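All values derive from a computational prediction rather than experimental measurement. Scope of the values below: all heavy atoms of this structure, side chains included, with no hydrogens, waters or symmetry mates.
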Amino acid sequence: DESNVNTATLVGYRGTAITAIPADGYGEVSVVASGHITKLNARSAEPITAGTAVEITAILSATSVLVVPLI
């Protein structure tokens with residue numbers, strides 16, 4: 001699919017933390033959406049280490065999301 005990625009549609013997508021996400025700040029996640037690798041700023045209620053699989057649970061802005069680690 002060659003469509004543009006719309007951040008608002010990414011809830012439920014899974015990706016990977018590409019930098020650590022501290023409980024009180026932002027890190028970065030990578031998600032594949034519509035065939036595009038998309039890098040977004042990410043927050044989490046708990047610290048997440050780089051390399052952890054995550055799921056997007058909410059959209060915070062056009063460039064940032066809230067994630068939870070996948071177990």
May I have the list of side-chain donor-acceptor pairs in residues 50-71 shorter than 3.5 Å, sequence neighbours left out?
residue	atom	partner	partner atom	Å
Thr52	OG1	Thr49	O	2.8
Thr52	OG1	Thr49	OG1	3.1
Thr57	OG1	Leu66	O	3.2
Ser61	OG	Thr63	N	3.2
Ser61	OG	Ser64	N	3.2
Ser61	OG	Ser64	OG	2.8

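- Checking side-chain atoms of Thr19 against main-chain N and O of Glu28 turns up a donor-acceptor pair under 3.5 Å.
- A pairwise comparison of heavy atoms in Asn41 and Tyr26 identifies CB-CD2, 3.9 Å as the closest pair.
- Considering every non-hydrogen atom in both Val31 and Gly15, the closest pair reads CG2-CA, 4.2 Å.
- The closest side-chain heavy-atom distance from Ile21 to Val29 is below 4.5 Å.
- Considering CD1 of Ile18 and CG of Leu40, their distance stands at 9.0 Å, rounded to 0.5 Å.
- Nearest heavy-atom pair across Pro47 and Ala23 is CD-CB, 3.9 Å.
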